[in-house]
Trainee: 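Before anything else, here's the structure in question.
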Amino acid sequence: MGKEYRTIEEVSGPLCLVKGVSNVNYDDLGEIQLANGNIKRCKVLEIDGENALVQLFESSAGINLSNSKVKFLGRSMSLPVSDDMLGRVFDGLGNPIDKGPEIIPEKRLDINGLAMNPVARDYPSEFIQTGISSIDGMNTLVRGQKLPIFSASGLPHANLASQIARQAKVIGTKEPFAVVFAAIGITFEEADFFIENFKQTGAIDRSIMFMNLANNPAIERIATPRMALTAAEYLAFDKGMHVLVILTDITNYADALREVSSARKEVPGRRGYPGYMYTDLASLYERAGRQKGKDGSITLIPILTMPEDDKTHPIPDLTGYITEGQIILSRNLYRKNISPPIDVLPSLSRLKDKGIGKGKTRDDHASTMNQLISA
């Protein structure tokens, strides 16, 4: 284990400044031991010479500058992965919360992963049936695609997410299909809805769930989608499975990013979000896709609520630039009791023509779709 430091200089909210450190790297994990023996976990946000700025995963209450010790673990955050993760529920940091046994890992993977090399990407081409006609018929989802759902507060995106997780399948194949579901910054009631829904319908048997609640720290919210994508990469590229990843709600993720950014006194960009939010979102979304020479694939459905129903807001705006289309939910359709209230005209799947037609869906799919849209 690393050396211990008693040089905490300053504590400001969730941030601590530790002086005189050596051999400590950006993103390293650390442990702060309080005078009473309790341990608080943290990670390095910034290194400036011998000074390390660390962010706590919990509150800073109880940290005493004179007798609290910091130890750096010399590794970034990782997720222990194994086949046994299917059917299990984890918190936002990858610890089991379903009263089941600890996971005996096959290996540990760094959660930051890497975006897929564009040259190694294989073109998405196989139809995924979601069982929702306005998606399957009009805005078809293709294996390996990134297709976000733009919702608004009060609309039934949670029901839509659980419906897709339950029903999604690749037609005409017996290939193993799994769902990785990550809930980011949701209420206990919503988390309970998802867990119970997955259990009742049996969808949990082929799913891995990560639950980050609204009362968990912001820094955990930033880790949760990366945990989910790491588990998906393991299932897809190590185990050859086809994985559907559903992330809800990306707006809570972006708000956590803004919170951490302002705590670090960074120069804010549009609407107070950090200027690097585009790059940060891309580092998540670009981990989906298919790789040449590998059987598995990752298809990604991020769900976000548009603040003030505004699709020019930075979060949906930047998401739309990175992903291959979007499914937009409409408040007017919801008021008319149309379920799910998908507004077909502004919705778009940029890869829909790749996954439809003879041998995939039906011969007349393209012409029927065009007739419906023109009508």
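Computed from a prediction, not measured in an experiment: that's the story for all the values here.
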Trainee: Is it the case that over 12 heavy atoms from other parts of the model lie below 6.0 angstrom from the CD1 atom of Ile104?
Mentor: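 Open.
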Trainee: Report, one line per pair, each donor and acceptor closer than 3.5 Å where one atom sits in a side chain of residues 41-59; sequence neighbours left out.
Mentor:
{"unit_1": "Lys43", "atom_1": "NZ", "unit_2": "Asp27", "atom_2": "OD1", "d": "3.1"}
{"unit_1": "Glu58", "atom_1": "OE2", "unit_2": "Arg41", "atom_2": "N", "d": "3.0"}
{"unit_1": "Ser59", "atom_1": "OG", "unit_2": "Ala61", "atom_2": "N", "d": "3.3"}

Trainee: Aromatic rings Phe194 and Phe181: how do their planes relate, parallel, tilted or perpendicular, breaks at 30° and 60°?
Mentor: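 Geometry flag for Phe181 against Phe194: tilted rings.
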Trainee: Mind checking what makes side-chain contact (heavy atoms from CB on, under 4.5 Å) contact with Asp110, not counting sequence neighbours?
Mentor: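 Applying side-chain contact (heavy atoms from CB on, under 4.5 Å) to Asp110 gives Ser76, Asn112.
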Trainee: Each residue besides Val142 in its hydrophobic cluster should be listed here, by chain and number; the cluster joins Ile, Leu, Val, Met, Phe, Trp and Tyr at side-chain heavy-atom distances under 4.5 Å.
Mentor: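 Answer for Val142: Tyr123, Leu351.
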Trainee: Would you please indicate yes or no on a ring centroid separation below 6.0 angstrom for Phe150 and His313?
Mentor: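 Judged by ring-centre distance (under 6.0 Å), His313 and Phe150 do not meet the cut-off.
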Trainee: Look up atom CG in Asp310 and atom CZ in Arg271, then write down how far apart they are to the nearest 0.5 Å.
Mentor: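 Asp310 atom CG to Arg271 atom CZ measures 5.5 Å (nearest 0.5 Å).
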Trainee: I want to check something: taking the side chain as every heavy atom from C-beta on, are Val243 and Glu233 in contact at a cut-off of under 4.5 Å?
Mentor: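 The answer is no, as the side chains (C-beta and beyond) never meet within the 4.5 Å cut-off.
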Trainee: How about Lys265: does its NZ atom have over 12 heavy atoms from other parts shown lying under 6.0 Å from it?
Mentor: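 No, NZ of Lys265 has 12 or fewer neighbouring heavy atoms, counting only those of other groups under 6.0 Å.
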Trainee: Taking distance alone, no hydrogens or angles, what donor-acceptor pairs closer than 3.5 Å link side-chain atoms of residues 8-15 to residues at least two apart or in another chain?
Mentor:
none

Trainee: A side-chain contact here means heavy atoms from C-beta on lying under 4.5 Å apart; do Gln145 and Ser297 qualify?
Mentor: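 No - every pair of side-chain heavy atoms lies 4.5 Å or more apart.
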Trainee: Would you tabulate the side-chain donor-acceptor contacts of residues 333-346 under 3.5 Å, counting partners in other chains and residues two or more places apart, or write 'none'?
Mentor:
none

Trainee: Can you name the residues that form a side-chain contact (heavy atoms from CB on, under 4.5 Å) with Tyr278, not counting sequence neighbours?
Mentor: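 Here the qualifying residues are Leu318, Tyr321, Ile322.
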